[in-house]
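Taking it in order: structure first as structure tokens, then the write-up.
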Amino acid sequence: MTHKFFKMIFEEQKIKGLFLIKPEPFKDNRGLLRRIYCLNEFKNKKLKFRIKQTNISENKKIHTLRGFHYQVYPYGEDKIISCIQGQIHNIVIDMRKKSKTFMKWKSFNLSENNRLLLKVPKGCANAYLTLKKKTWILYFHSQFYNGKFEKGIKYNDPKFSFDWPCKPKIISKKDNTIKLLQ
């Protein structure tokens, strides 16, 4: 049963299975309480999502880049992404070869202030760039991490014209050495 004070608005994007989720928080004199996941809310939207793993990415510096990452079968995973502190510019790419939006991408700004969430479907790569210092990202994963099934896309691959708001300053060696798509 959905509590009368909580509401989650699901907006499907042009990439099938990609949802921007707007939680409407309960507010009173103490502050607010918002829902970031509810099995019943997801079931009502016919979205299957069972949490198997939860991670928090703590980013100390502005313009830190993480991604693009995704896992392939049998470890493909749906993700729910929320910026719980700071702000990010997030990009999702559809890497599902049979999808009508294969190789298409969509960007979003997520922040502690707008409280938006993304539900990223299996087969889509995700990356973000921090826009503030001390930015924390909360991830819910529908599958366990398995590095043998992880794939990556270079953040500046010329096959795409990504709209990064600025050039990343901090990138891991792993992300910086991903080969360009052929």
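Keep in mind that this is a model prediction, so the values were computed, not measured.
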Apply side chain to side chain contact (heavy atoms under 4.5 Å, CB included) to the pair N176 and Y155, showing each step before the final yes or no.
CA-CA 8 Å; N176 216 13; Y155 77 96; 4.0 Å; yes

From CA spacing to verdict: side chain to side chain contact (heavy atoms under 4.5 Å, CB included), F68, D157
CA-CA 10 Å; F68 287 94; D157 194 305; over 6 Å; no

I'd like to know whether S142 forms a side chain to side chain contact (heavy atoms under 4.5 Å, CB included) with K79, so could you lay out the CA-CA distance, the side-chain angles of the two residues, the decisive distance to 0.1 Å, and finally the verdict.
CA-CA 6 Å; S142 68; K79 297 176 191 172; over 6 Å; no

Decide side chain to side chain contact (heavy atoms under 4.5 Å, CB included) for Y70 and I93; before the verdict, give the C-alpha distance in whole Å, the side-chain angles of both, and the deciding distance to 0.1 Å.
CA-CA 10 Å; Y70 65 109; I93 310 169; over 6 Å; no

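For the pair P121 and K16, the tightest heavy-atom approach, listed with the atom from each and the gap, is CG-O, 3.6 Å. Closest heavy-atom contact between K27 and L32: CG-CB, 3.8 Å. Shown here for Q85 and K134, the closest heavy-atom pair between the two residues is NE2-O, 2.8 Å. Here the closest non-hydrogen pair linking S82 and R34 is OG-NH2, 4.4 Å. Closest non-hydrogen pair, Q143 versus G76, comes out as CB-O, 3.6 Å. Here the closest non-hydrogen pair linking P74 and F149 is CD-CE2, 3.3 Å.
Between T130 and Q87, the closest side-chain pair of non-hydrogen atoms is not below 4.5 Å. Contact check for F162 versus W105: side-chain heavy atoms found under the 4.5 Å cut-off. Residues M103 and M95 are in side-chain contact: their nearest non-hydrogen atoms beyond the backbone lie under 4.5 Å apart. No side-chain heavy atom of N55 sits less than 4.5 Å from a side-chain heavy atom of Y145. You'll find the side chain of V120 stays beyond 4.5 Å of the side chain of E77, heavy atoms only.
By the neighbour-count criterion of 12 heavy atoms within 6.0 Å, atom CZ of F160 is densely surrounded, having more than that number from other residues, nucleotides or ligands.
Every residue two or more places apart in sequence or in another chain was checked for a side chain to side chain donor-acceptor pair (under 3.5 Å) with N156, and none qualifies. With sequence neighbours excluded, the residues that form a side-chain contact (heavy atoms from CB on, under 4.5 Å) with S57 are N59, R66, Y128, I137, Y139. Partners of K61 under the side-chain contact (heavy atoms from CB on, under 4.5 Å) rule, at least two apart in sequence or in another chain, are T64, I170. Residues satisfying the salt bridge (Lys or Arg N to Asp or Glu O under 4.0 Å) test with E150, not counting sequence neighbours, are K174. Listed by chain and residue number, K119 satisfy the salt bridge (Lys or Arg N to Asp or Glu O under 4.0 Å) test with D78 (two or more places apart in sequence, or in another chain). Not counting sequence neighbours, the partners of F144 by the side-chain contact (heavy atoms from CB on, under 4.5 Å) test are K52, Q53. K133 pairs by the side-chain contact (heavy atoms from CB on, under 4.5 Å) definition with I62, not counting sequence neighbours. Applying the side chain to side chain donor-acceptor pair (under 3.5 Å) criterion to N109, with sequence neighbours excluded, gives H89. Among residues two or more places apart in sequence or in another chain, the salt bridge (Lys or Arg N to Asp or Glu O under 4.0 Å) test is passed with E11 by K22. Under the salt bridge (Lys or Arg N to Asp or Glu O under 4.0 Å) criterion, D28 pairs with R30, not counting sequence neighbours.
Linking Ile, Leu, Val, Met, Phe, Trp and Tyr residues whenever their side-chain heavy atoms come within less than 4.5 Å leaves I15 and L181 in two separate clusters. A single hydrophobic cluster is not seen to contain both I91 and L116; linkage of ILVMFWY side chains at heavy-atom distances under 4.5 Å, directly or through other members, places them apart.
Rounded to the nearest 0.5 angstrom, E41 CD and K7 NZ are separated by 9.5 Å. Of the inter-residue distances, the one linking L180 atom CG with K159 atom NZ reads 10.0 Å to the nearest 0.5 angstrom. Within the model, atoms OG1 of T135 and CG of L110 stand 11.0 Å from one another, a figure rounded to the nearest 0.5 Å. Rounded to the nearest 0.5 Å, atoms CG (L20) and CG (N114) are 8.0 Å apart. Atom CD1 of I88 is separated from atom SG of C83 by 5.5 Å, given to the nearest 0.5 angstrom. In this structure, CG in L129 is found 10.0 Å from NZ in K169, a value given to the nearest 0.5 Å.
The closest donor-acceptor contact from the side chain of N90 to the backbone of F108 lies at 3.5 Å or more, if one exists at all.
Its side chain within the 4.5 Å cluster rule, I36 clusters with M8, F10, F19, I21, Y37, L39, F42, L47, F49, I51, I56, I80, I84, L117, W136, L138, F140 among the Ile, Leu, Val, Met, Phe, Trp and Tyr residues.
Sorted by first then second residue, the salt bridge (Lys or Arg N to Asp or Glu O under 4.0 Å) pairs that include residues 93-106, not counting sequence neighbours, are D94-R96.
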